[in-house]
J.: 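Before anything else, here's the structure in question.
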Amino acid sequence: QVQLVESGGGLVQAGDSLRLSCAASGHTFSTYTLAWFRQAPGKEREFVVGISRYGITSSYSDPVKGRFTISRDNAKNTVYLQMNTLKPEDTALYYCAATLVGSRWYVSSRHADYDAWGQGTQVTVSS
């Protein structure tokens with residue numbers, strides 16, 4: 001099973017940018033659907049964005065459309081989340097997740113479909 005390690009979180013001001021990285025172990029990285037979820041204090045974990053195997057398709061939640069961009073580098077076994085124009089409501093613990101559920105054309109937003117998770121990286125946006 002793939003193992004995931006996130007990095008890149010931090011404390012920024014509203015309007016700033018951050019790039020999160022998630023490095024994965026394993027030899028079949030390109031076959032995994034990858035996603036970022038986030039969880040704010042007192043709230044449930046929510047889907048942020050996902051990218052299909054081989055990077056053919058991506059899916060974004062409405063709150064981050066136009067501001068966040070997901071990408072993957074299969075040669076480096078890494079997935080990235082570029083976050084621009086950050087808002088205080090983006091403050092959360094961000095998790096990288098992976099699953100073999102999906103296809104080149106489909107990205108699941110269901111938390112239950114993902115069976116590999118990183119430890120999370122904190123993003124805090126001050127107003």
J.: Treating Ile, Leu, Val, Met, Phe, Trp and Tyr as nodes and any side-chain heavy-atom pair under 4.5 angstrom as an edge, say whether Val107 and Val64 lie in one connected cluster.
T.: no
J.: Check whether the ring centres of Tyr95 and Phe37 lie less than 6.0 Å apart, and answer yes or no.
T.: no
J.: Answer yes or no: is there a side-chain heavy-atom contact under 4.5 Å between Gln119 and Val5?
T.: yes
J.: Under the 3.5 angstrom rule, does the side chain of Ser59 hit a backbone N or O of Val49 as a donor-acceptor pair?
T.: no
J.: Indicate yes or no: at least one non-hydrogen side-chain atom of Ile70 is less than 4.5 angstrom from one of Val79.
T.: yes
J.: Hey, is the main chain of Gly9 close enough, under 3.5 Å, to the side chain of Thr121 for a donor-acceptor pair?
T.: yes
J.: So do Val123 and Leu18 actually touch side chain to side chain, heavy atoms under 4.5 Å?
T.: yes
J.: Tell me, do Trp105 and Arg53 make a side-chain contact under 4.5 Å, heavy atoms counted?
T.: no
J.: Using only atom types and a distance under 3.5 Å, with no angle test, would you say the side chain of Glu46 pairs donor to acceptor with the backbone of Gln39?
T.: no
J.: Is it the case that Asn84 and Ser17 place a side-chain donor and acceptor less than 3.5 Å from each other?
T.: yes
J.: Determine the minimum heavy-atom distance between Val2 and Ala98, stating which atoms define it.
T.: CG1-CB, 3.7 Å
J.: Are Tyr80 and Cys22 close enough that some pair of their side-chain heavy atoms sits under 4.5 Å apart?
T.: no
J.: Would the distance check show the side chain of Thr99 and the main-chain N or O of Asp115 forming a donor-acceptor pair, the cut-off being under 3.5 Å?
T.: no
J.: Do Thr33 and Tyr114 come close enough that some side-chain heavy atom pair is under 4.5 Å?
T.: yes
J.: Looking just at side-chain N and O atoms, do Arg38 and Tyr94 make a donor-acceptor pair shorter than 3.5 Å?
T.: yes
J.: Hydrogens and angles aside, do Asp113 and Ser108 bring a side-chain donor and acceptor to less than 3.5 Å of each other?
T.: yes
J.: Is there side-chain contact between Phe29 and Thr78, with at least one heavy-atom pair below 4.5 Å?
T.: no
J.: How long is the span from the CG atom in Leu4 to the OG atom in Ser25, to the nearest 0.5 Å?
T.: 7.0 Å
J.: Please tell me if the side chains of Glu6 and Leu20 come closer than 4.5 Å, counting only heavy atoms from C-beta onward.
T.: no
J.: Judged by atom type as modelled, is there a donor-acceptor pair below 3.5 Å linking the side chain of Ser52 to the main-chain atoms of Arg104?
T.: yes
J.: Starting from Phe47, can I reach Trp36 by hopping between I/L/V/M/F/W/Y residues whose side chains sit under 4.5 Å apart?
T.: no
J.: Decide yes or no on side-chain contact (heavy atoms from CB on, under 4.5 Å) for Phe68 and Asp90, but give the supporting numbers first.
T.: CA-CA 11 Å; Phe68 290 13; Asp90 294 318; 3.9 Å; yes
J.: Give the minimum heavy-atom separation between Ser127 and Ala14, together with the two atoms involved.
T.: CA-CB, 4.4 Å
J.: Is Ser103 reaching over with its side chain to a backbone N or O of Tyr106, donor-acceptor style, under 3.5 angstrom?
T.: yes
J.: Give me the atom names and distance for the closest heavy-atom approach of Thr28 to Thr31.
T.: O-OG1, 2.7 Å
